[in-house]
Peer 1: 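Here's a structure for you.
Just the heavy atoms: all of them, side chains too, but no hydrogens, waters or symmetry mates, feed the values below. All residue numbers refer to positions in the sequence shown, counting from 1.
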Amino acid sequence: MHHSTNKYTDSGYRMQGNGYKLPHQVSGIGYLISVIIASIFISSCSSHRHTDKKIFRYNESSGLSSLDPAFAKNKQVMWSVHQLYNTLVEIDSNMQIKPSLAKSWSISADNLTFTFSLRTDVRFIDDPCFPGGKGRRLIAPDVVYSFNRIVDKNTASPGAWIFNNRVDSVKGFQAINDSTFQVKLTRPFQSILGILSMQYCSVIPKEAVDRYGTDFRRHPVGTGPFRFVAWEEGQALILAKNDHYFERDEQGNPLPYLDGIKVTFYDSKATEFLEFQQKRLDFIDDIDPSFKDEVLTKTGNLKKTWQGRIELHKHPYLNIEYLGILVDANNPLVKNSPLRLQQIRQAINYGFDRRKMMLYLRNSIGIAAESGFVPAGLPSHDTSKVKGYQYDPAKAKQLLQEAGFADGNGLPAIKLLTIPIYGDLGTYIANELRQIGINIEVEVVQKSLLLEQTSKSQALFFRGSWIADYPDAENYLSVFYSKNPAPPNYTRYKDPAFDALYEAASAEKNDSVRYRLYQQMDQLMIRDAPVVPLWYDMAIHLVHTHIKNFPPNSLNLLELRRTKKL
């Protein structure tokens, strides 16, 4: 399984220089964009007062590489694609699967065939790729085309792995008729519904790809709540409300409520913060370390000066930060390392205070990971069922003694590889462990090198993170399934009992039974300690008070269909 989003996130915590870079001067391009915004939103407004228009504005400091769903491998692309396209099913705020393009679905008795009944009132937006420039109805062959395109080698989609060894290579995707679509699996895999909610699985029309070719990346043709207007790379992206969007609210009013979206691309976090302060941006995703202490208290709340001016939204985010330990007994690196001993791995887990670490290094953003590898925010996460490690220096010392290294005597130094933004974290853990007799040497390397070394099993002890691709604990536990290569199984963990539970869970239809299997696997693995969980992440948003109905979600997906701007 090729894993796309190589999961070494920076959680947005990139240190910036202190120099406040002022926003770009309005260049010719900037002026053109302003004119486009004005004309789009005025023309759709009888009163001709541009100020009446409700435009949601945010900044994407990392830029944007594509608007093609086949390349939705990072947050920036996923956020934009989510506004422009729809998937068969989607995830609600409680992390449950619900209908979107599909009204309903059924699963065959052998768990191998999933049949989806599609809505018949969904239209692609008007576009020159269609006869007469009029958008047409979305039909089942569009779903077949979209999914086959993801796995087609010529597309070179980083999402090709999602169907690998899961979907029948011959009859995988079939249109039974215009409103019935079928997926055939090679083996039972209940999490396929979660996969189908990913932005990779957005449904697109063949006509658009045929007409625009490689330029389809910047000429999206979708069914989503918003439609594409303009994208000047490095300057701004403009989307307008799709007036023919199929969804309505509970009162029968058409969605979305907003008139449009404007995304800017200031690469400086300081500029972004300045723009937000001046109300030229409606919200900021994540807080940069350079002004974290200006806005937040140590306990992770808004400082007095900001209260009432802005809102702080904090929410579990499906990402775990951890230290990984290579446990492949046949690897020479492991054979000669004290980390081959379970007692040493457990001693490291007991030997530092995660709660103190969260307070001082993270302003309490996130939850100390004292359960398993499956993070808070997933329905199966249960701290009463999966017991991890709490700070217990006496227990850590006892384990060292059992391993034959009383007080750390005779224990060789252990090297921890980390990336620059997590240097302070490595130092904190090393200082704490030194007090119980474990000597950790922190080595800071570039992200690309760390990725390469972990993939080739050349890193013995390394910092990592794992963001959910889809909201199912299976996505986290697949990291320890012995039949998976690295990625995702960077630690090369192998346990027949774990594998048997994993296979049973993959085939289990009943959610509560499946969750119990997940908890057993998590407990089994955490006792073996091939990882040192650090924290379960939180999404953190700073939002202006005039923005309403803007709920965060555990996937940190930008959801704007019901958002209102007062």
Peer 1: Please evaluate residues Thr115 and Gln182 with respect to the criterion side chain to side chain donor-acceptor pair (under 3.5 Å), reporting the C-alpha separation (whole Å), side-chain torsions for both, the decisive distance (0.1 Å), and the verdict.
Peer 2: CA-CA 4 Å; Thr115 306; Gln182 219 166 56; 2.9 Å; yes
Peer 1: Closest approach of Leu339 and Arg345, non-hydrogen atoms and distance?
Peer 2: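 Answer, listing the atom of Leu339 first, then Arg345: O-NH1, 3.0 Å.
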Peer 1: Tell me if a side-chain donor or acceptor on Asp424 pairs with a main-chain N or O of Leu361 at a distance below 3.5 Å.
Peer 2: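 Not confirmed, Asp424 side chain does not pair with Leu361 backbone.
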Peer 1: What heavy-atom pair brings Met357 and Leu534 nearest, and what distance separates the two atoms?
Peer 2: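 Here Met357 and Leu534 meet closest at CE-O, 3.9 Å.
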Peer 1: If you apply the rule side chain to side chain donor-acceptor pair (under 3.5 Å), what do you find for Tyr391 with Glu370, and how did you get there?
Peer 2: CA-CA 9 Å; Tyr391 182 47; Glu370 297 177 344; over 6 Å; no
Peer 1: Could you check whether Ser191 and Asp472, counting side-chain N and O atoms only, form a donor-acceptor pair closer than 3.5 Å?
Peer 2: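 Present: a donor and an acceptor within the cut-off.
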Peer 1: Under a 3.5 Å distance rule, please check whether Asp522 uses its side chain to pair with a backbone N or O of Ile526 as donor and acceptor.
Peer 2: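 No.
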Peer 1: Does CD in Gln523 sit with more than 12 non-hydrogen atoms of other residues, nucleotides or ligands closer than 6.0 Å?
Peer 2: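 Counting neighbours around CD of Gln523, more than 12 heavy atoms of other residues, nucleotides or ligands fall under 6.0 Å, so yes.
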Peer 1: Show your reasoning for whether side chain to side chain contact (heavy atoms under 4.5 Å, CB included) applies to Arg355 and Gln390.
Peer 2: CA-CA 9 Å; Arg355 295 183 186 191; Gln390 292 187 319; 3.3 Å; yes
Peer 1: Could you tell me the separation between the CD atom of Gln190 and the CG atom of Asn111, rounded to the nearest 0.5 Å?
Peer 2: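 The CG atom of Asn111 is 6.0 Å from CD of Gln190, to the nearest 0.5 Å.
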Peer 1: Can you tell me how far the CE atom of Met525 sits from the OH atom of Tyr502, to the nearest 0.5 Å?
Peer 2: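 Answer rounded to 0.5 Å: 13.0 Å.
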Peer 1: One pair to check against side chain to side chain contact (heavy atoms under 4.5 Å, CB included): Leu196 and Phe114. What are the steps and the verdict?
Peer 2: CA-CA 11 Å; Leu196 295 178; Phe114 285 64; 6.0 Å; no
Peer 1: Any chance the rings of Phe173 and Phe163 have centres within less than 6.0 Å?
Peer 2: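 When the ring centroids of Phe173 and Phe163 are compared, they turn out to be within the sub-6.0 Å range.
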Peer 1: Looking at Gly300, is its backbone amide N or carbonyl O close enough to the side chain of Lys314 to form a donor-acceptor pair, meaning the two atoms are under 3.5 Å apart?
Peer 2: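 Confirmed, Lys314 side chain pairs with Gly300 backbone.
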Peer 1: Nearest 0.5 Å, please: how far is CG in Asp286 from CD1 in Ile365?
Peer 2: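 Here the interatomic distance stands at 7.0 Å.
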Peer 1: Side chain of Thr87, backbone of Met198: donor and acceptor closer than 3.5 Å?
Peer 2: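 Answer holds: no.
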Peer 1: Indicate yes or no for a side-chain donor-acceptor contact from Ser100 to the backbone of Leu88 under 3.5 Å, with no hydrogens or angles considered.
Peer 2: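 Answer holds: no.
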Peer 1: Once you round to the nearest 0.5 Å, how far does NZ of Lys98 lie from CG of Asn94?
Peer 2: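 Reported to 0.5 Å precision, the distance equals 10.0 Å.
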Peer 1: Testing the basics here: between Pro488 and Val479, what is the closest heavy-atom pair and its distance to 0.1 Å?
Peer 2: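 Shortest heavy-atom contact: O-CG1, 3.4 Å.
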Peer 1: Indicate the atoms forming the closest heavy-atom contact of Lys75 with Asp285, along with that distance.
Peer 2: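 Where Lys75 meets Asp285 most closely, the heavy atoms are NZ-OD2, 2.6 Å.
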Peer 1: Indicate the atoms forming the closest heavy-atom contact of Tyr317 with Ala539, along with that distance.
Peer 2: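 Heavy-atom minimum between the residues: CB-N, 3.2 Å.
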Peer 1: Do Leu400 and Ile344 have side-chain heavy atoms sitting under 4.5 Å apart?
Peer 2: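 A side-chain contact exists here, since the closest heavy-atom pair is under 4.5 Å.
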Peer 1: State whether Glu508 and Arg516 are salt-bridged, where the test is any N-O pair (Lys NZ or Arg NE/NH1/NH2 against Asp/Glu carboxylate O) under 4.0 Å.
Peer 2: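 Result for this pair is no, no salt bridge flagged.
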Peer 1: Has the side chain of Asp392 got a donor or acceptor atom that lies under 3.5 Å from a matching backbone atom of Tyr350?
Peer 2: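 Not confirmed, Asp392 side chain does not pair with Tyr350 backbone.
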Peer 1: Would you confirm whether Asp110, through its side chain, and Pro188, through its main-chain N or O, come within 3.5 Å as a donor-acceptor pair?
Peer 2: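 No; zero donor-acceptor contacts below 3.5 Å.
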Peer 1: Heavy-atom distance under 4.5 Å between the side chains of Ser465 and Glu321, does that happen here?
Peer 2: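 When only atoms from C-beta onward are counted, Glu321 and Ser465 do touch, with a gap below 4.5 Å.
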Peer 1: Look at Asp537 together with Arg362 and state whether they make a salt bridge at an N to O cut-off of under 4.0 Å.
Peer 2: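 Yes, Asp537 and Arg362 are salt-bridged.
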Peer 1: Between Glu250 and Arg562, does any NZ, NE, NH1 or NH2 come within less than 4.0 Å of an OD or OE carboxylate oxygen?
Peer 2: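 Yes, charged N to carboxylate O under 4.0 Å.
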Peer 1: Rounded to the nearest 0.5 Å, how far does CZ of Arg166 lie from CG of Asn164?
Peer 2: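 It comes to 8.0 Å.
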Peer 1: Can a donor-acceptor pair be found, under 3.5 Å and without considering hydrogens, that links the side chain of Ser337 to the backbone of Leu333?
Peer 2: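 The answer is no, because no donor-acceptor pair under 3.5 Å joins these two groups.
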Peer 1: Mind listing the closest non-hydrogen atom pair of Ala505 and Arg514 along with its distance?
Peer 2: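 Looking at all heavy atoms of both residues, the closest pair is O-CD, 3.0 Å.
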Peer 1: Rounded to the nearest 0.5 Å, how far does OG1 of Thr418 lie from CG of Leu416?
Peer 2: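 Interatomic distance, Leu416 CG to Thr418 OG1, rounded to 0.5 Å: 6.0 Å.
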Peer 1: Under a 3.5 Å threshold, yes or no: a donor from one side chain and an acceptor from the other, between Asn556 and His541?
Peer 2: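 Looking only at side-chain atoms, His541 and Asn556 do form a donor-acceptor pair, the distance falling under 3.5 Å.
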Peer 1: Considering only heavy atoms from C-beta outward, does the side chain of His381 approach that of Tyr536 to under 4.5 Å?
Peer 2: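 Touching, per the 4.5 Å side-chain cut-off.
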Peer 1: How about Glu402 and Gln342: do any of their side-chain heavy atoms sit closer than 4.5 Å?
Peer 2: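 No, too far: nothing below the 4.5 Å cut-off.
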Peer 1: Test the Arg354-Phe352 pair against the cation-pi criterion, namely NZ or CZ under 6.0 angstrom from the six-membered ring centroid and within 45° of the ring axis.
Peer 2: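 Positive - Arg354 is close enough to the ring of Phe352 and near enough to its axis.
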Peer 1: Got a donor-acceptor contact below 3.5 angstrom from the Ser108 side chain to the Thr113 backbone?
Peer 2: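 Answer holds: yes.
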Peer 1: Go through the steps for Tyr428 and Tyr360 under the test ring pair (Phe, Tyr, Trp, His ring centres under 6.0 Å), then give the verdict.
Peer 2: CA-CA 10 Å; Tyr428 169 84; Tyr360 292 110; 8.3 Å; no
Peer 1: Taking the side chain as C-beta and beyond, is there a heavy-atom pair between Ile325 and Thr491 under 4.5 Å?
Peer 2: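 Contact flag for Ile325/Thr491 side chains = no.
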Peer 1: Could you check if a side-chain atom of Trp105 sits within less than 4.5 angstrom of a side-chain atom of Val89, using non-hydrogen atoms only?
Peer 2: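 Touching, per the 4.5 Å side-chain cut-off.
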Peer 1: Does the side chain of Pro375 reach to within under 4.5 Å of the side chain of Tyr476, using non-hydrogen atoms?
Peer 2: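 They are in side-chain contact.
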Peer 1: Would you say NZ of Lys509 has more than 12 non-hydrogen atoms from neighbouring residues, nucleotides or ligands within 6.0 angstrom?
Peer 2: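 Counting neighbours around NZ of Lys509, more than 12 heavy atoms of other residues, nucleotides or ligands fall under 6.0 Å, so yes.
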Peer 1: Looking at Arg149 and Asp68, does any basic side-chain N land under 4.0 Å from a carboxylate oxygen?
Peer 2: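 Salt bridge between Arg149 and Asp68, a charged N being under 4.0 Å from a carboxylate O: yes.
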Peer 1: In sequence, state the C-alpha distance, the side-chain angles, and the governing distance for His313 and Phe283, and then conclude on ring pair (Phe, Tyr, Trp, His ring centres under 6.0 Å).
Peer 2: CA-CA 10 Å; His313 294 182; Phe283 101 111; 8.9 Å; no
Peer 1: Please lay out, stage by stage, how Phe461 and Lys415 fare under the test side chain to side chain contact (heavy atoms under 4.5 Å, CB included).
Peer 2: CA-CA 7 Å; Phe461 190 30; Lys415 185 167 75 173; over 6 Å; no
Peer 1: One pair to check against side chain to side chain contact (heavy atoms under 4.5 Å, CB included): Val374 and Ser380. What are the steps and the verdict?
Peer 2: CA-CA 8 Å; Val374 174; Ser380 63; 4.2 Å; yes
Peer 1: Short question: side chain of Ser80, backbone of Val77 - any donor-acceptor pair under 3.5 Å?
Peer 2: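 No, because the side chain of Ser80 does not come within donor-acceptor range (under 3.5 Å) of the backbone of Val77.
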Peer 1: Less than 4.5 Å apart, any side-chain heavy atom of Glu60 and any of Trp79?
Peer 2: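 Of all side-chain heavy-atom pairs linking Trp79 with Glu60, at least one is under 4.5 Å.
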Peer 1: For the aromatic rings, using the six-membered ring if either is Trp, is the centroid distance between Phe147 and Phe181 under 6.0 Å?
Peer 2: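 Distance test on ring centres: under 6.0 Å, yes.
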